[in-house]
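Have a look at the structure below before the remarks.
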Amino acid sequence: MADNNKSFGSSTQAVHAGTLRNPAGGVNSPLYADSAYHYLDAEQVRYPRYTNTPNQQAVAAKIAALEQAEQGLMFASGLAAVHTVLQAHLQPGDELVVAEGIYGGSDDLFATCMPRLGISITRAAADADALLAACGEHSKAIYLESPTNPRLRIIDLHKICQQANQRGVLVIIDNTFATPILQNPIKLGADIVIHSATKYLGGHSDLIAGAVVCSAALMQPIRALAVRMGASMNAQTACLLERSLKTLAVRVHQQCANARRLAVWLQQQDQIEAVDYPGLPEHPGHQIASQQMLDFGGMLGLRVRAPLTAELVERRLQLISSAVSLGGVESTICQPLLTSHARVAAQRREAEGVDAYLLRLSVGIEDVEDLIADLAQALRST
Ligand SMILES: Cc1ncc(COP(=O)(O)O)c(C=O)c1O
């Protein structure tokens, strides 16, 4: 396996880190599809559910190198990763402080499953001071995204990590929107970083996977529970994800460049009431995002003006696909109201501005002029 040399840049790590030696002389990691491994005289007992087969380990090593973390562990989905991390680190009686406006599936998991485990949930605005102020005697961890899904709110990661650390509160960050190319929360003091690898890490809308990176000490209970939970990733997906990660940096840079152009163009359209994009100077999180992110990402929120509705725009688009999920090379658009946030309580959804006028655009790597032309025809007033 290639060394995870910390002096390499992230584009180099994306290509090389974790690659398995190929006995046939090929340059790629071979696929080991086995679910049964000889164990007598072996260094360890390998089994896919233990998440220690060669392809699972190779892709975990690549993501850990990209996030500058000591260890990585792969899961069958992003939500399996979130669930396992929380159950491994929180006990009955503990409180989890959660940022408002995160991915609806995580929000739903916290609302339904955590109370059953005796873990209470306290929600606070997606802001470092608000989240820290919400921490009480029983707070064990803060869970957040930055940028958040779908409104792209930005939280000061350095501030929250430093102050939470002083109080002995873990900071768990879902870094799916930013990707390790744009933001490394571990470097800013985060304890545990989670990815839905289904999104940018996979990048081609053809796999589902999750990843966790953190220190060896924090990983130990996560790994132990993962073996029991059984939400492991298969070897074929690991291989496909490893291949996809090689182009992560080039994809993300192109997505950022396209998103920046689109954000500025969308802002100038009469039919658009508001654009959420941290790269715009007037975005409330612009300054903090400039400090903690290398670029502003490929996700945009846009609010259309009546009589247009989000659905009408979606139905008119011809190049940009109306689809759930995000982070692919193809641009996709969805209404969070009907998709990612459908299971969030209506009142909290409304407070977050998730309604029939809000669209979430995941910008792909196409020619930006083609994306602009497609949006222009879909936003027409007649
Ligand atoms: C920010 C974020 N985190 C986590 C998840 C869950 O990931 P998965 O669908 O891979 O379980 C998603 C899915 O959309 C997401 O957008």
Side-chain angles (χ1 to χ4, degrees), residues 59 63 67 72-87 96 98-114 126 143-155 157 172-180 182-183 185 190 192-213 226 229-234 237-238 240-241 244-245 252 255 276 278 293 297-301 321-328 332-344 349 352 354 358-363:
V59 73
I63 297 172
E67 283 288 16
L73 192 68
M74 302 310 301
F75 289 85
S77 71
L79 219 51
V82 174
H83 201 157
T84 309
V85 163
L86 293 181
Q87 208 176 322
L96 179 68
V98 178
E100 282 283 11
I102 58 165
Y103 166 58
S106 305
D107 188 276
D108 179 55
L109 169 73
F110 301 155
T112 54
C113 298
M114 293 302 125
Y143 184 96
L144 61 93
E145 297 170 6
S146 181
T148 59
N149 178 358
R151 298 300 309 273
L152 287 303
R153 299 189 202 286
I154 301 293
I155 299 172
L157 299 185
I172 304 169
I173 300 186
D174 179 337
N175 203 30
T176 299
F177 266 36
T179 82
L182 304 181
Q183 177 170 278
I192 301 174
V193 172
I194 299 175
H195 282 277
S196 167
T198 318
K199 311 297 186 306
Y200 286 98
L201 304 191
H204 296 73
S205 307
D206 57 3
L207 61 84
I208 179 158
V212 173
V213 299
M229 296 269 278
S232 58
M233 185 184 61
N234 68 51
T237 302
L240 187 58
L241 179 56
S244 302
L245 279 163
V252 168
Q255 284 161 321
D276 297 322
M293 297 175 77
M299 298 300 300
L300 288 172
S321 305
S322 173
V324 295
S325 202
L326 59 101
T332 56
I333 200 160
C334 73
Q335 289 182 65
L337 178 68
L338 303 182
T339 57
S340 56
H341 289 67
R343 284 194 298 276
V344 175
R349 235 171 23 203
E352 195 55 25
V354 173
L358 183 75
L359 285 159
R360 188 190 71 188
L361 176 59
S362 169
V363 181

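All values derive from a computational prediction rather than experimental measurement. Note that ligands are numbered from 1 as they come in the structure, with each ligand's atoms numbered from 1 the same way.
Looking at atom 7 (O) of ligand 1, its nearest protein heavy atom turns out to be Ser196 OG, 3.0 Å. Residue, atom and distance of the protein heavy atom nearest to atom 13 (C) of ligand 1 are Lys199 NZ, 2.7 Å. Among all protein heavy atoms, the one lying closest to atom 2 (C) of ligand 1 is Asp174 OD2, 3.4 Å. Ranking protein heavy atoms by distance to atom 6 (C) of ligand 1, first place goes to Tyr103 CE2, 3.5 Å.
In terms of heavy atoms, Phe177 sits closest to Pro147 at CB-O, 3.8 Å.
Without hydrogens or angle criteria, Ser362 side chain to Thr332 main chain gives no donor-acceptor distance under 3.5 Å. Remark: side-chain polar atoms of Thr176 are paired, donor with acceptor, to backbone N or O of Ser196 under 3.5 angstrom.
Residues passing the salt bridge (charged side-chain N to carboxylate O under 4.0 Å, His left out) test with Asp276 are Arg151, sequence neighbours excluded. Among residues two or more places apart in sequence or in another chain, the salt bridge (charged side-chain N to carboxylate O under 4.0 Å, His left out) test is passed with Arg360 by none.
At least one N or O atom of Thr198, backbone or side chain, sits closer than 3.5 Å to an N or O atom of ligand 1. Between Leu326 and ligand 1, not a single N/O pair is under 3.5 Å apart.
Counting heavy atoms closer than 4.0 Å to ligand 1, residue Leu79 contributes atoms from both its backbone and its side chain.
Shown in contact with Asn149 at under 4.0 Å from a heavy atom are these atoms of ligand 1, numbered in order with element: 16 (O).
For the residue pair Glu67/His195, the side-chain donor-acceptor check at 3.5 Å is satisfied.
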